[in-house]
Every structure is written in structure tokens, then in C-alpha cells.
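Read the structure below first, then the notes.
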Amino acid sequence: MEVTSACSHPGWFLLTLLLGLLLWARRRRVWDPRQCPTDLSGRTVIVTGANSGIGKCVALELARRNARTILACRSRERGRAALEEIRAATGNAAVVLRELDTGSLASVRAFARAVLLEEPRLDVLVHNAGVTGLPFAVTPEGLEQTFVTNYLGPFLLTNLLLELLKASAPARVVTVASFRHRAGTADSRFLTGQRRPRGGDAAYSSSKLMGVLFSTELARHLQGTGGSTGVTSNAVSPGVVSTSIMRHYSWVVRALFTLIRPFMKSAAQGALSTIYCAVSEEAAGITGKYFNSDCALELPSAAARDARMARELWDESERLTGLSRGPQH
């Protein structure tokens, strides 16, 4: 049976409705940012993918707390609109726009060079930019587009800015992952397209698993700088959120998501776990952990806790990004 035919069956509507009810029932009272007194005056933060959705909500909250807030966006036009909106809502003139496409290592390097030249400190780095539903494609740099955008670009960016983060400590790195990492596979051959995941969903899940592995391995590399005076690294799940990230899927999938949208979290609700890890007093000194969408510590998948896999992925990522010797991109 074809997908379109299957999705037109009345049973699909009932299943979609049931999923929506389950999502609504799972909502629990979570951390309230209004109760958090953290002020970020004199501190600098970077939020990737800050022009819409979760990223814009995170940037808005950090700007509201008086941080110098760098919106790292691929689209200058959409980034400019977000910049004006955030400045107007917060009265914070220290909100700036910088172009960044995490799907291009050249763009990542150019962005990092500018930050290192212009910014004397960096206190919070939020990796939010991501894509899903893209067809398999290898970029001119020889990297698969979903994996470079969601994982390898953020990996390179963090490493290029790591010394600045250390010099600004206490500092925090927050990686927006997904509960869907549990369905992922951390095969480094995905990064260059030598092996293909089975579809866009599998690619997204696998890229998010790599993000969790990166976050925990980064915490291991930072051992000795942790605690309340060092650099922490944590991964978060925003939950099932109504954002524009589904725009690359077929109309059938988008229609199903439209049906359950009233039961999904809003972008502001989905941003809470990221904001919690970025500013809360409760998260200070916690590193190498995974937080769910209710801002609670949760064990990630067994694969995400595989230290050997994390080290191997890190080593291969260093090679592919030119951070270590060997064939580079």
C-alpha cells in the first residue's frame, strides 16, 4: 500500500489524535525561567539558528537577561527580522547578527575567526541550528549535508572557540539534541556519505545521537575545567515541538503534524530545557549530562553512553574537520 493511501485511512486520524492526547497528558510543570534571577550583564552568548523557533526563543530570553547576544543565522534576511524583534522586545541594543551556515565548514571557520577577533569573551554557546527531512546529498566539501549541519559543523565551531570559552569560565556549552537520538546509529561513514541512513528520519536521529556523544565527550575533554569555575557541556531534548523544522517533509507528514499541533509544545516551551542549562543556578557545575524536555536529568540511550564510540567519533571528526593530521576537508 502506498504511503498516501495508508495515511488517508481513518485509522491514521485516530492514531494521530491518540498521539496528540498522549503528548498533552505528558506535560508536567517544569522549571520556570521567571523564577531564575540570573543576570547576564557583561557576558556574551552565541545562539545558532536564532532566527526562528526554539533558537529565537532562547536568544530572546538571554537578551532579556542583558547578555551580549550573537544571533548566528544562515539567512541574513530572516536573521535581521529576528534581530529587530528581539531588540524591540528586550530593549537590549547589544543583540547582533552574524552569518553562519553550520552546513559549511568554510562558513564555520569564517564565523569563528570573526568571533575571536571581535569578542573578548564567550560565556554561553548554544548549538541549536539543525535540519531534518533533507534528501541525501554530499556538499562540495565532501560531507553529507544533514550530518555536517547538525553535527560536524557544531563540532568544529566548539573546538575553534574552546580557548575563548575556557578563558571566560565559568562558561557553558549547550547542544540541542532530541529524544529521537534513541533511534540513531553513530556510524562515522554517514559523515561523508560513504554509507547512507535509511531515509531522512534515520539521518536526523543519527545526527542527534552524534550530538549527544559529542556533548559527553567534550565534557570528558574538559575534565579539570568543570565545576562552578570551568566549562560545562550538556545535551538537551526540547521534546515534540511545533516549529518550522518539518518544512522539508512531504505534505502528508506535514498534514499529520498539523493535526497534533494543538497538543505539541510551543517553541517557547521547547526552549525551556536549553535555557535551563544555559542560565539556571541548578545546572551550574553539571556537565556531561542529558536533560529531557522537562529540564530533568535523564539517561540517554545505551549508544549515547558508549565511551569508546564517543572517542572514535571524536577522532574521526577531528580528522574530517582538519583539527588533526590526516586527509582533511
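Residues take their numbers from the sequence shown, with the count starting at 1. In this text, all values refer to a predicted model and were calculated from it rather than measured experimentally.
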Determine the minimum heavy-atom distance between Cys295 and Phe291, stating which atoms define it.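 Smallest heavy-atom distance, with atoms named: O-CD2, 3.8 Å.
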Restricting to non-hydrogen atoms, name the atom on Val236 and the atom on Cys277 that form the minimum distance, rounded to 0.1 Å.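 What the structure gives for the nearest pair is CG1-SG, 3.5 Å.
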Regarding [X] and [Y], does a basic nitrogen lie under 4.0 Å from an acidic carboxylate oxygen?
| X | Y | result |
| --- | --- | --- |
| Glu119 | Arg68 | yes |
| Arg319 | Glu316 | yes |
| Arg64 | Glu61 | yes |
| Glu118 | Arg98 | yes |

Mind checking whether [X] and [Y] have side chains closer than 4.5 Å, heavy atoms only?
| X | Y | answer |
| --- | --- | --- |
| Asn292 | Phe179 | no |
| Thr132 | Thr146 | no |
| Leu320 | Phe147 | no |
| Arg311 | Glu217 | yes |
| Ser188 | Met210 | no |

Begin with the C-alpha distance, continue with both residues' side-chain angles, and end with the deciding distance and a verdict on salt bridge (charged side-chain N to carboxylate O under 4.0 Å, His left out) for Arg305 and Glu298. CA-CA 12 Å; Arg305 304 195 306 273; Glu298 182 176 293; over 6 Å; no
Can [X] and [Y] be counted as having a side-chain donor-acceptor contact under 3.5 angstrom?
| X | Y | value |
| --- | --- | --- |
| Gln194 | Thr192 | yes |
| Ser178 | Ser237 | no |
| His181 | Ser205 | no |
| Asp187 | Thr185 | no |
| Ser107 | Asp101 | no |
| Tyr151 | Ser206 | no |

Test salt bridge (charged side-chain N to carboxylate O under 4.0 Å, His left out) on Arg196 and Glu144 and set out the steps. CA-CA 9 Å; Arg196 297 189 186 188; Glu144 203 287 321; over 6 Å; no
Set out, in order, the CA-CA distance, both residues' side-chain angles and the distance that settles side-chain hydrogen bond (donor to acceptor under 3.5 Å, both in side chains) for Ser215 and Ser233, then state yes or no. CA-CA 6 Å; Ser215 180; Ser233 170; 3.1 Å; yes
Say whether, by atom type as modelled, one donor and one acceptor occur between the side chain of Lys208 and the main chain of Val176 under 3.5 angstrom.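 Side chain of Lys208 to backbone of Val176, a donor-acceptor pair under 3.5 Å: yes, one is there.
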Glu318 side chain vs Leu323 backbone, donor-acceptor pair below 3.5 Å: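 Not confirmed, Glu318 side chain does not pair with Leu323 backbone.
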Within 45 degrees of the axis of the six-membered ring of Phe190 and under 6.0 Å from its centre: does Arg195 put its NZ or CZ there?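 Not satisfied by the 6.0 Å and 45° rule.
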According to a 4.5 Å side-chain heavy-atom criterion applied to Ile, Leu, Val, Met, Phe, Trp and Tyr, with indirect links allowed, do Val124 and Leu71 form part of one hydrophobic cluster?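 Per the 4.5 Å side-chain linkage, Val124 and Leu71 are not co-clustered.
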Evaluate side-chain contact (heavy atoms from CB on, under 4.5 Å) for Phe214 paired with Thr175, printing each intermediate quantity in order. CA-CA 9 Å; Phe214 156 70; Thr175 300; 3.8 Å; yes
